[in-house]
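Since the structure comes first, as structure tokens, the remarks are kept for the end.
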Amino acid sequence: MQLEHTQSMNDVFCRVMESLAFYFVDPIDPHTIDIQRDMAVPYRKVSMRFEGPHVGNVILYLPQSAFSTIWANMLGVDEADPQSQEQQNDAICEILNVICGQLLTEIWGTDPVFDLCIPDMQDIDSANLSDVLTHPSTCSFNSDDGLILLEMIVDQTS
Amino acid sequence: MSLNVLIVDDSITIRSVMEKTLHLAGIQTNMVLHAANGKEALETLGKEWIDLIFADINMPVMNGVEMIEKMSHDGLLKTIPVVVVSTEGSQTRIEQLKDKGITAYIRKPFQPEDFKAIVEDLTGFSNAA
């Protein structure tokens with residue numbers, strides 16, 4: 001599937017990050033990325049399942065340092081302000097929620113009805129991301145906090 | 001005219017962003033209250049007079065549709081305008097929500113102008129400061 005959706009993923013991700021979090025990202029060729037050199041920091045994986053005429057997952061892989069930046073940008077506060085991991089996680093889940101909603105209509109239009117599930121979040125060893133990085137369903141982005149990956153997996157279509 | 005506004009969303013971040021956006025839009029508020037789901041919103045509505053509700057749809061405990069249905073059975077609550085603020089992009093579902101009585105719809109991500117236009121439309125005049 002996935003190559004045909006790459007442009008939509010790039011467009012939606014850049015647009016949502018800029019408008020909701022004042023966070024600027026640039027698409028980058030994954031073949032120029034060296035995981036050991038460019039992703040040698042703690043990462044978190046945040047995924048959201050969508051169900052409808054098409055079923056699948058939209059997944060974000062972010063450096064942990066991006067969490068506090070995005071949270072602060074969304075609220076217009078200083079990164080040094082008191083904050084909890086829970087608040088940061090909430091901000092990222094909301095970002096993924098908006099990305100997923102926008103992506104589904106960007107790809108399949110406004111007729112189909114989709115249900116979005118509660119996001120799932122976990123720590124991840126970036127050394128294990130080489131398969132994700134080079135998979136055609138993944139888009140890669142440069143940010144001030146490091147590389148961010150956006151993956152969309154479609155399991156089935158009814 | 002200062003409004004009493006209730007923001008209903010399970011994300012504390014987005015509730016704060018929405019409140020900030022209302023102020024950026026120049027909308028004069030007397031009171032902005034928050035609720036994390038439809039159940040909390042109904043409890044607030046039982047205690048405070050609210051002029052306008054901005055509510056998400058997908059929420060735990062009680063979602064936005066259930067909240068709107070319960071409000072529709074109350075003679076007083078059904079007169080309060082409910083603006084749905086959601087990631088929902090399906091025109092089919094938005095039409096279903098309109099059939100259930102929502103006043104307007106704003107899609108995330110939103111801009112201050114989206115809120116300003118709807119408040120001006122609902123109040124019949126510019127509410128901007």
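First the proteins, then the strands, lettered A, B, ... as listed; each starts at 1. Quick caveat, the model's predicted, so the values are computed rather than measured.
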Hey, is the main chain of B:Trp49 close enough, under 3.5 Å, to the side chain of B:Asn4 for a donor-acceptor pair? yes
How many angstroms lie between CG in A:Leu75 and OG1 in B:Thr13, if you round to the nearest 0.5 Å? 5.5 Å
With rounding to the nearest 0.5 Å, note down the distance linking CG in A:Leu104 to CG in A:Leu116. 6.0 Å
Are A:Asn57 and A:Ser47 close enough that a side-chain donor and a side-chain acceptor fall under 3.5 Å? no
To the nearest 0.5 Å, how far apart are CG in A:Leu103 and CG in A:Leu96? 10.0 Å
Cation-pi check for A:Phe67 against A:Arg44: NZ or CZ below 6.0 Å from the six-membered ring centre and within 45 degrees of the axis, yes or no? yes
Suppose a student defines contact as a heavy atom less than 4.5 Å from any heavy atom of chain A. Which residues in residues 30-45 of chain B would they list? none
Looking just at side-chain N and O atoms, do A:Tyr23 and A:Asp144 make a donor-acceptor pair shorter than 3.5 Å? no
Leading residue by heavy atom contact count with chain B [cutoff under 4.5 Å; candidates A:Arg15, A:Gln102, A:Gln87]: A:Gln102
Within the 3.5 Å criterion, strictly below it, is a donor on A:Gln64 or A:Tyr43 matched to an acceptor on the partner's side chain? no
How far does CG of B:Asp74 sit from NZ of B:Lys78, to the nearest 0.5 angstrom? 8.5 Å
With respect to chain B, which residue among A:Thr105, A:Asp90, A:Leu20 yields the maximal number of heavy-atom pairs within a distance under 4.5 Å? A:Asp90
A:Val16, A:Ile118, A:Val113: which one forms the most heavy-atom pairs within less than 4.5 Å of chain B? A:Val113
Applying a criterion of heavy atom separation less than 4.5 Å, what residues of residues 85-109 of chain B form contacts with chain A? B:Thr87, B:Glu88, B:Gly89, B:Ser90, B:Gln91, B:Thr92, B:Arg93, B:Arg107, B:Lys108, B:Pro109
Between A:Asp38 (side chain only) and A:Asp34 (backbone N and O only), is there a donor and an acceptor less than 3.5 Å apart? yes
For the CD atom of A:Gln88 and the SG atom of A:Cys93, what is their distance to the nearest 0.5 Å? 12.0 Å
